[in-house]
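The structure appears right after this line, and notes come after that.
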Protein chains: 2
Amino acid sequence: MNVMNASPRRKELTRLAAQLFVQEGFDRTTVRMLAQEMGIKSGSLFHHFKDKQEILAAVIEEGTQNALMIARKALNECAAEPEVRLRTMARAHLETLFTDRNAHVVALFEWRRLDPVASAHLSHLRDAYEALWVAVIDDALAAGLIHGDRFLVSRFVLGALNWTVRWYDPSGPRSPDDLADELVAMIMPTSV
Amino acid sequence: MNVMNASPRRKELTRLAAQLFVQEGFDRTTVRMLAQEMGIKSGSLFHHFKDKQEILAAVIEEGTQNALMIARKALNECAAEPEVRLRTMARAHLETLFTDRNAHVVALFEWRRLDPVASAHLSHLRDAYEALWVAVIDDALAAGLIHGDRFLVSRFVLGALNWTVRWYDPSGPRSPDDLADELVAMIMPTSV
DNA sequence: TATTTACACTAGCGCTTGCTTGGTTACTCT
DNA sequence: AGAGTAACCAAGCAAGCGCTAGTGTAAATA
């Protein structure tokens with residue numbers, strides 16, 4: 001029973017759990033289903049995770065850490081112009097959303113199943129990620145690229161982006177980058 | 001056991017069920033919790049609904065029918081200018097979303113718990129509602145008010161609007177109508 | 001060689017789940 | 001008065017739930 005273990009075995013189990021949580025939802029996924037998917041018996045599962053809750057927390061933490069890393073890297077590597085940074089951030093968001101889709105769908109739609117302790121811990125991670133967004137939006141507003149309330153704009157943009165997991169098929173003709181660019185174009189009057 | 005009953009009692013039970021489904025999620029809401037909230041015993045519940053699934057379907061159907069009615073009425077009563085119709089549709093969307101909040105949150109986040117039969121039936125309702133949106137968006141595009149792909153624009157706008165249930169507090173200083181107007185302004189370069 | 005560690009197993013406990021059954025009450029209609 | 005019906009209740013069943021206890025075994029460590 002490893003409290004904060006990052007063994008490769010545990011990582012793989014977390015990945016499988018994410019898939020099942022998306023397919024069935026957290027509540028309908030039983031420890032027996034998880035175990036079977038992992039090729040072990042249900043009892044053995046509790047050697048890797050203290051309880052079912054911890055599996056959920058592991059899935060969400062993994063996904064959010066990843067999103068944070070990718071976004072920071074992308075922002076570090078791109079130019080300083082507000083327009084470029086806005087586009088970069090939107091692209092990074094969709095990139096993580098669809099390369100790590102299962103984990104993010106779980107994070108978006110099963111967050112409330114977290115117990116208060118895990119939720120508090122993971123909220124910090126999510127807040128750090130959203131702070132990146134707000135900074136980029138602020139720059140774009142200051143540069144006159146977009147208009148409106150900083151708070152509203154970021155919520156609307158994040159909502160539009162997050163909702164894509166409900167309808168967008170990344171294996172179709174349109175790439176995630178196209179999608180991100182179209183959204184940015186939609187809210188940027190200067191780019192018409 | 002009424003298959004397609006619209007008795008006032010059943011309507012009230014449906015409303016209470018929606019509230020619990022939002023609070024706890026469909027899977028974690030037990031028939032005993034539902035019964036207690038309704039002031040009856042769990043067995044009596046099955047006099048009104050054939051099974052738990054049917055309660056979920058009733059909640060979602062109620063909400064969607066309502067949204068459709070409100071949107072149609074609002075569009076019928078408003079002016080013919082594409083800009084007005086776009087704003088009207090966004091306002092109507094947020095109006096239903098927050099007057100009938102519980103039912104809509106359930107429809108948005110518990111849809112997948114529907115069995116295939118109920119899902120197929122309700123999909124038609126939802127499609128009829130989305131068709132209203134696409135028509136309004138098409139007019140706005142044709143009038144040059146907004147730009148982009150009709151499909152993408154409607155998805156982005158609906159995503160941004162639906163996501164508001166996650167963060168917006170209608171009892172705050174900003175009214176739902178303000179919210180709708182700000183979103184429309186955000187995507188309409190001409191209104192700067 | 002002796003000991004620990006990591007990982008898996010079997011078996012099942014205690015509890016909750018959705019739902020059924022068989023019967024009762026209260027009200028309406030003829 | 002009698003029949004019909006909608007609404008309810010007490011009791012409980014079969015299945016499934018998360019999780020625990022105790023054991024076996026192979027590899028790593030001392």
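Every chain is numbered from 1, with letters handed out A, B, ... down the list of sequences. Heavy atoms only: backbone and side chains are in, while hydrogens, waters and symmetry mates are out. As the structure is a prediction and not an experimental result, all values here were calculated from the model.
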Rounding to an integer number of Å, can you tell me how far [X] [atom1] sits from [N] [atom2]?
X      : N       : atom1 : atom2 : result
L13(B) : dA7(D)  : CG    : P     : 9 Å
E54(A) : dG18(D) : CD    : C1'   : 14 Å
F26(A) : dG18(D) : CZ    : C1'   : 10 Å
R28(B) : dG18(C) : CZ    : C1'   : 17 Å
D27(A) : dT17(C) : CG    : P     : 12 Å
E24(A) : dC17(D) : CD    : C1'   : 15 Å
L45(B) : dA6(D)  : CG    : P     : 17 Å
F46(A) : dG12(C) : CZ    : C1'   : 14 Å

Note to self: Measuring from the side chain of I40(B) (C-beta onward, heavy atoms only), which nucleotide among dC19(D), dC19(C), dC8(D) has the closest atom?
What the structure shows: dC8(D)
Notebook entry, point to check: Is it true that a side-chain atom of T164(B) and a backbone atom of A160(B) form a donor plus acceptor pair closer than 3.5 Å?
Noted result: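 No; zero donor-acceptor contacts below 3.5 Å.
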Check: Within the structure shown, what part of the strands sits under 4.0 Å from S44(A) by heavy-atom distance: base, sugar-phosphate, or nothing?
Finding: base
Next item on the list: Give the intermediate values and the outcome of side chain to side chain contact (heavy atoms under 4.5 Å, CB included) for residues E83(B) and V184(B).
Entry: CA-CA 9 Å; E83(B) 181 175 344; V184(B) 172; 5.6 Å; no
Margin query: Using every non-hydrogen atom in the two residues, find where H147(A) and M186(B) come nearest and quote the distance to one decimal.
Written below: NE2-CA, 4.2 Å
Notebook entry, point to check: Below 3.5 Å, does any donor atom in the side chain of R32(A) face an acceptor in the base of dG16(D), or the other way round?
Noted result: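 Answer no: no donor N or O sits under 3.5 Å from an acceptor.
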Next item on the list: Over 60° means perpendicular and under 30° means parallel, so classify the ring planes of F21(B) and F26(B), tilted if in between.
Entry: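 Because their plane-to-plane angle is over 60°, the rings of F26(B) and F21(B) count as perpendicular.
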Check: With under 30° as parallel and over 60° as perpendicular, where do the rings of Y129(B) and H93(B) fit, or are they tilted in between?
Finding: tilted
Margin query: I want to confirm an ordering. Mapping K52(A) and K41(B) to their closest nucleotides on DNA chain D, which one lands closer to the 5' end?
Written below: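 Comparing both residues, the 5'-ward one is K41(B).
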Using OP1 and OP2 only, check whether a side-chain N or O of [X] sits under 4.0 Å from [N].
X      : N      : answer
H48(B) : dC8(D) : yes
H47(B) : dA7(D) : yes
R9(A)  : dA8(C) : yes

